[in-house]
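The structure under discussion appears below in the form of structure tokens.
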Protein chains: 2
Amino acid sequence: MIIIIFIIRPMSLRMTPQRHAVLTLINGSARHWDAEAISRALQKNDQRIGIATIYRTLSVLEEAGLIAAVVIGQRKHYERIDKPHHDHMVCEACGRIEEFFHQDIETLQHDIAKRHGFCIQGHSLVIFGLCRQCQ
Amino acid sequence: MIIIIFIIRPMSLRMTPQRHAVLTLINGSARHWDAEAISRALQKNDQRIGIATIYRTLSVLEEAGLIAAVVIGQRKHYERIDKPHHDHMVCEACGRIEEFFHQDIETLQHDIAKRHGFCIQGHSLVIFGLCRQCQ
DNA sequence: TGCTATTTGATAATGATTATCATTATCTTT
DNA sequence: AAAGATAATGATAATCATTATCAAATAGCA
Ligand SMILES: [Mn+2]
Ligand SMILES: [Mn+2]
Ligand SMILES: [Zn+2]
Ligand SMILES: [Zn+2]
């Protein structure tokens, strides 16, 4: 957490119990969290944080580069930042989210962006289907 | 439009001026439309359709397989169905949407899905960046 | 310890989408 | 062509996720 303070402070942000709780929760699992899921998980832990604060905290932590965001469906989910870049595969039946990385897919995206004169800044790739258990 | 009736009727749906207007608008351009854009375009044409009807119509037409939907950002956009499958490249500065298709990217997605035991049903790939004019 | 800018949380507001329901229109059947 | 059954429309209320407001609380620094 010490490193957090070195990131947080120069942005004139303060480390609060709320921010600590959200960050600890996300860093403590491999899950993908949305605001509601975080709220519920913290309540189970007897940490109740106002929902507005959760939304604010997620934005702040994302902007500070301390968590990563993924849009799945039309909802924003957050996950720990300490994983290398990857894309997602979502089971339409059970909601299971699996991660994958394929260097060729990454490279080809850059190729095609260049071909269109686009300066690529990012991408969102989500594969929908049925996981092994659900098909 | 005759073919529409062959599709619409067996689903016990009715062809109405509103549905005709929305379908004609979408089929008449290469654009990607959201509900608000359709509402504005129709009003300019002196066709004013209730916004609720526009949402309903878009769902109905999508379910009937008469238009295609794409989620861009966290908003649903619709486009004509008579284009081969493609993905999208969005300029973060001007909102320009370009289309591309890359067979290798398609194939590799199937490969990786299989590798994860997923039965792939679809995917959403959006590349974000800056178009030639905006960089 | 005290000061001040930042943060929180309760709640109101917003924006997009969906539900409700009385009225209107379509399509099928006479 | 008219009627009847059923589906669709549109005005508006409701919902859902997210953001704004603002007084009270707090973190970090002197
Ligand atoms: Mn992930
Ligand atoms: Mn398209
Ligand atoms: Zn599953
Ligand atoms: Zn542009």
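This one's a predicted model, so the numbers in the text were calculated from it and none came from an experiment. Chain A is the first sequence line, chain B the second, and so forth, proteins listed ahead of strands; every chain is numbered from 1. Every heavy atom of this structure was used, including side-chain atoms; hydrogens, water molecules and symmetry mates were not.
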How long is the line joining CG of B/L42 and C1' of D/dT9, in whole Å? 14 Å

Is a side-chain donor-acceptor pair under 3.5 Å present for A/S59 with A/R56? no

Give the rounded distance in Å between these two atoms: CD1 of A/I54 and C1' of D/dC16. 16 Å

Flag yes if more than 12 heavy atoms outside B/R9 fall under 6.0 Å of its CZ atom; otherwise flag no. yes

Are A/F128 and A/V70 linked, directly or through other ILVMFWY residues, by side chains that come within less than 4.5 angstrom of each other? yes

What is the separation between atom CG on A/L23 and atom P on C/dT7, rounded to the nearest whole Å? 15 Å

Between C1' on C/dA25 and CE on B/M15, what's the gap in Å once rounded to a whole number? 14 Å

Who are the side-chain hydrogen bond (donor to acceptor under 3.5 Å, both in side chains) partners of A/D82, not counting sequence neighbours? A/R80

Assert: residue with more 5' nearest nucleotide on DNA chain D, out of B/G50 and A/T16, is B/G50

Does one side chain, of B/H77 or B/H88, offer a donor that lies under 3.5 Å from an acceptor on the other? no

Could you check whether any side-chain N or O of A/S39 sits under 3.5 Å from a backbone N or O of A/A35, counting only pairs where one atom can act as donor and the other as acceptor? no

Distances for protein N/O vs nucleotides 18-22 of chain D N/O pairs under 3.5 angstrom?
| unit_1 | atom_1 | unit_2 | atom_2 | d |
| --- | --- | --- | --- | --- |
| D/dT18 | OP2 | A/Y55 | OH | 2.3 |

Classify B/T53 by what it touches in the nucleic acid, base, sugar-phosphate, or nothing, heavy-atom distance under 4.0 Å. base

For the CG atom of A/L58 and the CD1 atom of A/I26, what is their distance to the nearest 0.5 Å? 5.5 Å

Go through the steps to decide whether B/E79 and B/H86 satisfy the test side-chain hydrogen bond (donor to acceptor under 3.5 Å, both in side chains), and finish with yes or no. CA-CA 12 Å; B/E79 63 181 315; B/H86 57 269; 3.3 Å; yes

Between A/R19 (side chain only) and A/R14 (backbone N and O only), is there a donor and an acceptor less than 3.5 Å apart? yes

Show me the side-chain donor-acceptor pairs of residues 115-123 of chain B shorter than 3.5 Å, one per line, residues at least two apart or across chains.
| unit_1 | atom_1 | unit_2 | atom_2 | d |
| --- | --- | --- | --- | --- |
| B/H116 | ND1 | A/E98 | OE1 | 2.8 |
| B/H123 | ND1 | B/Q109 | OE1 | 3.3 |
| B/H123 | NE2 | B/H85 | NE2 | 3.2 |
| B/H123 | NE2 | B/D87 | OD1 | 3.2 |

Starting at NE2 of B/H20 and ending at P of D/dT9, how long is that distance when rounded to a whole Å? 14 Å

Return the value, rounded to whole Å, for the distance between atom CZ of A/R48 and atom P of C/dT8. 17 Å

To the nearest 10 degrees, the angle between the two end axes of the helix from C/dT1-D/dA30 to C/dT30-D/dA1 (five pairs per end) comes to 30°

For A/E99, all residues meeting salt bridge (charged side-chain N to carboxylate O under 4.0 Å, His left out), sequence neighbours excluded: A/K83

Round to the nearest Å and state the distance from A/I49 atom CD1 to C/dA10 atom C1'. 15 Å

Nearest-angstrom distance from the residue atom CG of A/L58 to P of C/dT7: 15 Å

What are the atom names and distances for every N/O pair under 3.5 Å that joins the protein to nucleotides 1-7 of chain D?
| unit_1 | atom_1 | unit_2 | atom_2 | d |
| --- | --- | --- | --- | --- |
| D/dT6 | O2 | B/R14 | NH1 | 2.6 |
| D/dT6 | O2 | B/R14 | NH2 | 2.7 |
| D/dA7 | O4' | B/R14 | NE | 3.2 |
| D/dA7 | O4' | B/R14 | NH1 | 3.1 |
| D/dA7 | O4' | B/R14 | NH2 | 3.3 |

